[in-house]
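Reading through the structure tokens given below for one structure.
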4 protein chains.
Amino acid sequence: MTPTPERRRELLATAAEVFAAQGYNATTVRRIADEAGMLAGSLYYHFDSKESMIDEILSTFLDELWQGYDEVLAAGLGPRETIEALVTESFREIDRHRPAVAIYQKESKHLATQPRFAYLADSQTTFEKAWLGTLERGVTEGVFRDDLDIRLTYRFVRDTVWVAASWYRPGGHHGPEEIARQYLSMVLDGIALRT
Amino acid sequence: MTPTPERRRELLATAAEVFAAQGYNATTVRRIADEAGMLAGSLYYHFDSKESMIDEILSTFLDELWQGYDEVLAAGLGPRETIEALVTESFREIDRHRPAVAIYQKESKHLATQPRFAYLADSQTTFEKAWLGTLERGVTEGVFRDDLDIRLTYRFVRDTVWVAASWYRPGGHHGPEEIARQYLSMVLDGIALRT
Amino acid sequence: MTPTPERRRELLATAAEVFAAQGYNATTVRRIADEAGMLAGSLYYHFDSKESMIDEILSTFLDELWQGYDEVLAAGLGPRETIEALVTESFREIDRHRPAVAIYQKESKHLATQPRFAYLADSQTTFEKAWLGTLERGVTEGVFRDDLDIRLTYRFVRDTVWVAASWYRPGGHHGPEEIARQYLSMVLDGIALRT
Amino acid sequence: MTPTPERRRELLATAAEVFAAQGYNATTVRRIADEAGMLAGSLYYHFDSKESMIDEILSTFLDELWQGYDEVLAAGLGPRETIEALVTESFREIDRHRPAVAIYQKESKHLATQPRFAYLADSQTTFEKAWLGTLERGVTEGVFRDDLDIRLTYRFVRDTVWVAASWYRPGGHHGPEEIARQYLSMVLDGIALRT
DNA sequence: TATGAATGAGGATTCATTCAT
DNA sequence: CATGAATGAATCCTCATTCAT
């Protein structure tokens, strides 16, 4: 018998994988139970509800994400270095929590309307403040271009990074650091050859 | 009373809006009917099934998209100009078919496994060929950088463009052409200030 | 434009054909309308309801059947000749009203429970009285065997005749009179060779 | 609590009773559930669909029928004795599986068109081969009359036997063997008194 | 911890029927 | 006479959840 918290984590990993692959709504509790080698009803010994599963998946992920982000933001780096560190950290999270990230991308918008998932909206807000603030600081300090709509830039960088969760496969060609490096190179310097 | 094909289009527009907002699975037929001011069963006078609604929405969108793309690809432009034209055309499609694009983003992966939606996979393949091919030509001809993983670059550009459908609102601050211009500027030249 | 009563009869013939082929419940009004080259709603110009269609089909058939039977029963024939005449008349009805007979076989039992179709039960009762009475008379008069359960004999003869509607095709190998002849020969004399 | 396979059988018996009484199409899943003392949805824990219920009912019946028939056919009896044994066996099956037989009579024709129920058509074919073949052998060997259309004779005997399911009630006046005896007496020797 | 069986609230779909034109 | 569009009730089926064992 595996100790309880370990089993929980395993089951959540299974659930996350299925949620990510099929979407939260389209995923049946029975499917998760099948994957875990038990019957649907048995999952309710471990979790209150299907909703509490996705809740735990997302909050665990966000907790870890913010641990990493907070460290970066507290380091007192310059805007460009901060962006570089945030992007790198993001790809590391995608590497570690790919299913959770994918779920977050697909489901957070409509989950956030429920009180239980208010923290999703909060996180989004804080997230935007951190990134957008850094970008603005970069423009002020003359390291980023000032001829672009800054909100557009923000969305551009944000989406660019996170959508990667939809195709990223851990253990693939490039590790998260190498992907981060190339992404940063594109975002910062563009893909056109300078003449 | 509007004539038949007009009514169909209206109903599909309504359905697309709801599908985009809530996700295909989470959308009930009743919700669409409510929005259209009729009863759930009445929709079945116009459409065979919920599935045939999303089918018609997606195929109509893809038909129009490829009409635009084919024109661009047939124009014999250089790689950079082709990318510029494709990006601009894409934002125009997002402007015209935002709900359809959003649905496509969220649902096409799992829909494509059904035979009925095989055309989604086909489209994806052709799409990749066109974009990736153009990028490769650009590298060969020395207009795009050659120090980047080309597949990564492809995904970067592709996602950059299409994720916009998730936040784009027609009639907003910038029109599609202006957004395309700024996106292209970022993608091609980067956001860092050149020194 | 065909005159109204003619059109009614045509439509009822179409309906009967479909009812017989698919069963009353399994037949949709739309299917009948398709077969008749009109839309489902249009049938309601001619008939009150689906139920009134089967009602008219069955009552028309029973009216004709009893016209024939009453003539036979009024003719004052002996028991054997009466049975022969009833069987022959029955096969003629099958020939003329095959769909109606088939419908009657399949549906009358559960339709008869509704007040509207009380005449089905009445007809059944009168039918049984006529046939069973004739058989009993035959036993009494020494033309039919007396070592058989008379009710069993009745069901045997009755079923033997009417089930034919399930496979009979007008215009086939044998006409109704020839089939009646052979059936009577089997029922009266058996299929075993007499030694 | 009864063990699982027992419960299945009970539920199928209930379903068969209702299907036989009301017809497959006219029977609602809810009605079956009511009769079984549960909610409609609960049936789906035991069966995939309404269709799979009738499937299991019919295939179980046919399996048993053919077990009996195969024994008879393998016994190497003469034509008359074979017919006698088949008829007797048939009435035994009606006694044991009355609802299944009734369902088979009413529904097999239109079910057989679906691939899932192809075995119904197969069974019909084999059935005809066995009975018709036996009758033909009987004519050749001089135990059955040769002045009758043999296919007509076949239908006559076949229908005569199986329609009995529509009125037969287990535990009634005569047991299946007695009914078989009288039926055979009528079929073989006729109902007319020999002079 | 897990199972087996059931619940009950929907959800997609069908279909007889209506009715203005 | 017929159409086109809609109604609304009913139907099959799904699925999160419960609970006694």
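All chains are named by letter (A, B, ...) in the order of the sequence lines, taking the proteins before the strands, and each is independently numbered beginning at 1.
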Point to revise | C:Ser166 vs C:Lys106 side-chain heavy atoms within contact, under 4.5 Å | key: no

Study note, to complete from the structure: Any strand, both distances under 3.5 Å, Watson-Crick or G-U wobble: E:dG10 pairs with F:dC13

Point to revise | Gap between atom CG of D:Leu111 and atom CD1 of D:Ile54 - 0.5 Å precision | key: 5.0 Å

Practice item. Whole angstrom is fine here: how far is it from CZ in D:Arg31 over to P in F:dA10? Key: 16 Å

Check your understanding: Does D:Ser52 reach the side chain of D:Glu56, with side-chain heavy atoms less than 4.5 Å apart?
Key -> no

**Study point:** Spacing of D:Gln22 atom CD relative to F:dT11 atom C1', expressed in whole Å
**Key:** 14 Å

**Study point:** Length of the CE-C1' vector between C:Met53 and E:dC15, whole Å
**Key:** 13 Å

Check your understanding: Is there side-chain contact between D:Tyr104 and D:His97, with at least one heavy-atom pair below 4.5 Å?
Key -> no

Review point. To the nearest Å, how far apart are B:Phe47 CZ and E:dA12 P?
Key: 15 Å

**Study point:** Nucleotide-resolved protein contact map, nucleotides 16-21 of chain E, B/S/- at heavy-atom distance under 4.0 Å
**Key:** SBB---

Practice item. Scan every strand shown for a Watson-Crick or G-U wobble partner of E:dA5, both distances under 3.5 Å, and answer none if you come up empty. Key: F:dT18

Exercise for review: Would you mind reading off the distance between C:Leu43 atom CG and E:dC15 atom C1', rounded to a whole angstrom?
Suggested key: 13 Å

Review point. If you round to the nearest 0.5 Å, how far is CE of B:Met53 from CZ of B:Phe19?
Key: 6.0 Å

Point to revise | Presence of C:His46 side-chain N/O under 4.0 Å of F:dA2 phosphate oxygens OP1/OP2 | key: yes

Review point. Tell me, do A:Tyr119 and A:Asp55 make a side-chain contact under 4.5 Å, heavy atoms counted?
Key: yes

**Study point:** Note: B:Glu17-B:Arg98 ion pair, threshold 4.0 Å (strictly below)
**Key:** yes

Review point. Out of E:dA2, E:dT1, F:dG8, which nucleotide sits closest to the side chain of A:Tyr45?
Key: E:dT1

Check your understanding: C:Arg8 side chain N/O closer than 4.0 Å to the phosphate oxygens (OP1, OP2) of F:dC1?
Key -> no

Check your understanding: When the distance from CG of C:Asp34 to P of F:dG4 is rounded to whole Å, what number comes out?
Key -> 13 Å

Check your understanding: E:dG11 C1' sits how many Å from B:Leu39 CG, rounded?
Key -> 15 Å

Practice item. Quickly work out the D:Leu11 CG to E:dG4 P distance and round it to whole Å. Key: 16 Å

